[in-house]
Structure formats: C-alpha cells, structure tokens
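Here the structure is a predicted model, which is why all the values come from computation and not from measurement.
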Amino acid sequence: MRPGPERRGRAFCELIERYPAHQLPQTGGVSATVVVTMTLEALEGRLEQAARLDTGEKITAATARRLACEAGIIPAVLGGPSEVLDLGRTRRFHTKAQRIAIGIRDQHCTEPGCDWPPAMCHVHHDIPWSRGGPTDVDHGRLLCPKHHTRFHRRN
C-alpha cells in the first residue's frame, strides 16, 4: 500500500525538522533559518495568538511552539547587547545577525511591488561599501537578486 499525499507531507515535514542543521546549505552566510515573530507570552503558551513567519505567512502559536521544540530560537530583542549589529568598516559582508535583523525589519525585497522573502534576498549597502559605506543594519536593506542587479546597473 502506497502512502497518500498527507502521509508523504508529514514524512517530508519530519525530515525537515530532523535534518542536521550543520549540513544545510547557506545563503549569504545564513543557513536555512525560519524567523518567527511572536510575543514571549504566546511562545510560552500563556497567550494563544498567531505568529508570523519571515515570509509573512501567519501560523498558530501552537505551530510556532512545535517548530521551536526542534530548532534553535533566535530572540529578536531590539537594542539588546547580545549581537553586534554595527560593524562599521571592519567587514564588507553583513553578518548572520545583521541579515536576520534586516529581514525582520524589511520583511521582503524593498523595491516597490516586490514580495520576495528575506531568505531569497541579498543585503544591499545603501552607500556602496567601495565608496565608504558602513556594514550595519541602518545602512543595509533587502533586495532580491533581480532588483540588486538592476540597482548596480543604474549606478
């Protein structure tokens, strides 16, 4: 007897949740990362409300807690001392922490009308690094590959 679509889907989800993170490919220095935005109360189960994925899709707090059970949790704490988000001119490429912070802020490619999610975008320096631009959250933004290429062709 062959499994039906639902059973195959559940098996695929199980594979995704159990696959070793260190073997996943990386994009822009960030491995496959799902950023879920929700309150601490909802995560802990004290409040039942929807959470939002970095793709903009809403999921239940229960689903977010299930995902968190098998994954690392990245707290998005604004202004916290846990991660350095401003590297000035010490590095050209944005760090994983910076990419995640910019993704949470921008939510998709920043070109009008484009909805590519953060995981598929590049982080672009508003002031080109070659012209003295800093590598920080305030001067970086998400651009999908198409708009990133167009931006550099214009300038």
Taking all heavy atoms of [X] and all of [Y], pick out the closest pair and write down the distance.
X	Y	result
Asp138	Asp126	O-OD2, 4.2 Å
Cys114	Cys144	SG-SG, 3.8 Å
Trp116	Pro145	CZ3-CD, 3.6 Å

Treating His139 as the side-chain partner and Ile127 as the backbone partner, does any N or O pair qualify as donor plus acceptor under 3.5 Å?
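Such a contact is absent between His139 side chain and Ile127 backbone.
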
Does Asp106 reach the main-chain N or O of Leu142 with its side chain, forming a donor-acceptor pair under 3.5 Å?
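Yes, the answer is positive, given that a donor and an acceptor are paired below the 3.5 Å cut-off.
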
Mind checking whether Glu111 and Arg141 have side chains closer than 4.5 Å, heavy atoms only?
yes

Indicate yes or no: at least one non-hydrogen side-chain atom of Leu143 is less than 4.5 angstrom from one of Cys109.
yes

What pairs with His125 under side chain to side chain donor-acceptor pair (under 3.5 Å), at least two apart in sequence or on another chain?
Thr135

Taking side-chain contact (heavy atoms from CB on, under 4.5 Å) as the criterion, tell me which of Gln98, His148, Arg99 meets it with Val123.
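Exactly one candidate clears the test, Arg99.
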
At what distance, to the nearest 0.5 angstrom, does NE2 of His94 lie from NE2 of His124?
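Reported to 0.5 Å precision, the distance equals 9.5 Å.
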
For Arg105, give me all partners under salt bridge (charged side-chain N to carboxylate O under 4.0 Å, His left out), at least two apart in sequence or on another chain.
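Scan of Arg105 (salt bridge (charged side-chain N to carboxylate O under 4.0 Å, His left out), adjacent residues dropped) gives none.
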
